[in-house]
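The structure under discussion appears below in the form of structure tokens.
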Amino acid sequence: MSRHTKIFIGLLFGAAAGVVCNAFLHETAFVNVVQTYVSDPLGKIFLNLLIMMVIPLVFASLSLGVAQIGDLKHLGRIGVRTIGYFLLVTTIAVTIGLVLVNTIRPGDFLPSETKEELLSSYSEQASQLKDASERTEFGIQTLVNIVPRNPAAIIARPNPDMLALIFVALMVGIALTLIAKERAAPVIRVLEGINDITVSIINIAMRLAPYGVAALIFSVTSRFGFDLIVALSMYVVTVLIGLFLHQFGVFAILIRLFARYNPLLFFRNVQTVMLTAFSTSSSNATLPTTILVSQNNLGIPSHITGFVLPMGATMNMNGTALFEGVTVLFLAQVFGVELSLGAQIVVVIMSVLTAVGAAGVPSGSIPLLVMVLAMVNVPAEGIAIILGVDRILDMCRTVLNVTGDVTCAAYIARSEGVTLKA
Ligand code: ASP
């Protein structure tokens, strides 16, 4: 049985067991014990196993990717195309979201009692998030922080600053191409060794994937307030339609036009990536799988996956940007704040920028989203309204975030004259 079939079975099993427990045994001692002692720890161990390898993987694969590309002019060309692609496709994603939310106007469907109820039941989490977002430095300081004073401090933090790590890895890769070949060679061999070690550990971790995925999904579905989905159905549906259009419409067109590849085959080949993203809600945790699948199933060379995918996991979040755009406008509608065209353009720009800056971890974008709300004068506490459905939307938007990275790597490979595996 192939790996993605096993993961899929794990996902279905976890979801079915979770839904049954939610419906018939909600908050019973039995389910609490299963959550606390089985599904939560198992899911966390699986996630941590993947995430613990992300720092060495990003560092080794990105610096190696740059070193293998070799000449700086060539690197510049690939770099400009990659970042250009990220920004362009993310802008398309937010635009789709805004067109939908302005057309469907889900905010007009939310009864005011539900609004008050949600505001009060999630108020504590919302005010914590508001404090966190006030502490988040975003703006010119974000730019300054990309160049770290102490690279060791980046990785010592509980939430490593991935943009700074990317910067250091790029600089090391560039320096490797500038120094004498015989000096660079041993360092490159060490980096290749680190890369191989991380890949091998990840292969072991992925054997646990069917169980890890079942546990993660069980933890979500057994606790989930399904009645919330009904209460917020118009909003949830608006986000999902947008994600669906971007995933299967925009990506299919981009794959056909830019990578000259059959979209159906593409989606079939990246199934494991989509499943891992859906169940972990984390671009970072999915990154090792994204790299392996892009190389093995699509035949994208390692210097391209090594360059594009680690940057994409942090900087290219199409699903997140679309979700942010829809959410800001939905909450504006709920609170009766009319956003002019100018304000909506600010929402587009901020959604793109915050999607670049958001961490590729579960709910990584929420603190930045709170900041965007405040920026366009929508009450930041309003985030309370959507927190209850965030996890499920996070699972879906992360699928787009990582699929978008693979579409970019496929485009870059094609533009470099590589023929992808049929
Ligand atoms: N969970 C998302 C990711 O890792 C980030 C977010 O939208 O919160 O890609």
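The figures that follow rest on heavy atoms only: side chains count, while hydrogens, waters and symmetry mates do not. Indexing begins at 1, ligand by ligand and atom by atom, following the structure's order. Predicted model only: the values in this text are computed from it and were never measured.
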Quiz item: Judging by distance only, is a nitrogen or oxygen of G360 under 3.5 angstrom from one on ligand 1?
Solution: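 The answer is yes, given that G360 and ligand 1 share an N or O pair closer than 3.5 Å.
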
Self-check item: Contact (N/O only, under 3.5 Å) between I366 and ligand 1
Solution: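 It does not: no N or O of I366 is found under 3.5 Å from an N or O of ligand 1.
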
Quiz item: Between N377 (side chain) and V337 (backbone), is there a donor-acceptor pair under 3.5 Å?
Solution: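 No: the side chain of N377 does not pair with the backbone of V337.
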
Quiz prompt | S282 side chain vs G360 backbone, donor-acceptor pair below 3.5 Å | solution =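 Here the side-chain-to-backbone pair exists.
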
Within the 4.0 Å heavy-atom shell around [X], which atoms of ligand 1 are there?
X: T320; value: 5 (C), 6 (C), 7 (O)
X: S282; value: 4 (O)
X: N401; value: 2 (C), 3 (C), 9 (O)
X: G364; value: 6 (C), 8 (O)

Quiz item: Do E416 and R81 meet the salt-bridge criterion of a basic N to acidic O distance under 4.0 Å?
Solution: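 Result for this pair is yes, salt bridge flagged.
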
Less than 3.5 Å apart, any donor N or O on the side chain of [X] or [Y] sitting next to an acceptor on the other?
X: S219; Y: D40; answer: yes
X: D390; Y: S363; answer: yes
X: N269; Y: Y261; answer: yes
X: T90; Y: N318; answer: yes
X: D394; Y: T398; answer: yes

Quiz item: At under 4.0 Å between heavy atoms, which part of A359 makes contact with ligand 1: side chain, backbone, both or neither?
Solution: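 Near ligand 1, A359 shows its backbone, while the atoms from C-beta on stay back.
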
Self-check item: Part of V361 with heavy atoms under 4.0 Å of ligand 1, whether side chain, backbone, both or neither
Solution: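 Backbone only; the side chain of V361 stays clear of ligand 1.
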
How far is [atom] from its nearest protein heavy atom, and which residue and atom is that?
atom: atom 1 (N) of ligand 1; result: D394 OD1, 2.7 Å
atom: atom 6 (C) of ligand 1; result: S365 OG, 3.2 Å
atom: atom 9 (O) of ligand 1; result: S283 OG, 2.5 Å

Quiz item: Is it true that A358 lies under 4.0 Å from ligand 1, counting heavy atoms only?
Solution: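 Judged by the 4.0 Å heavy-atom criterion, A358 does not count as contacting ligand 1.
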
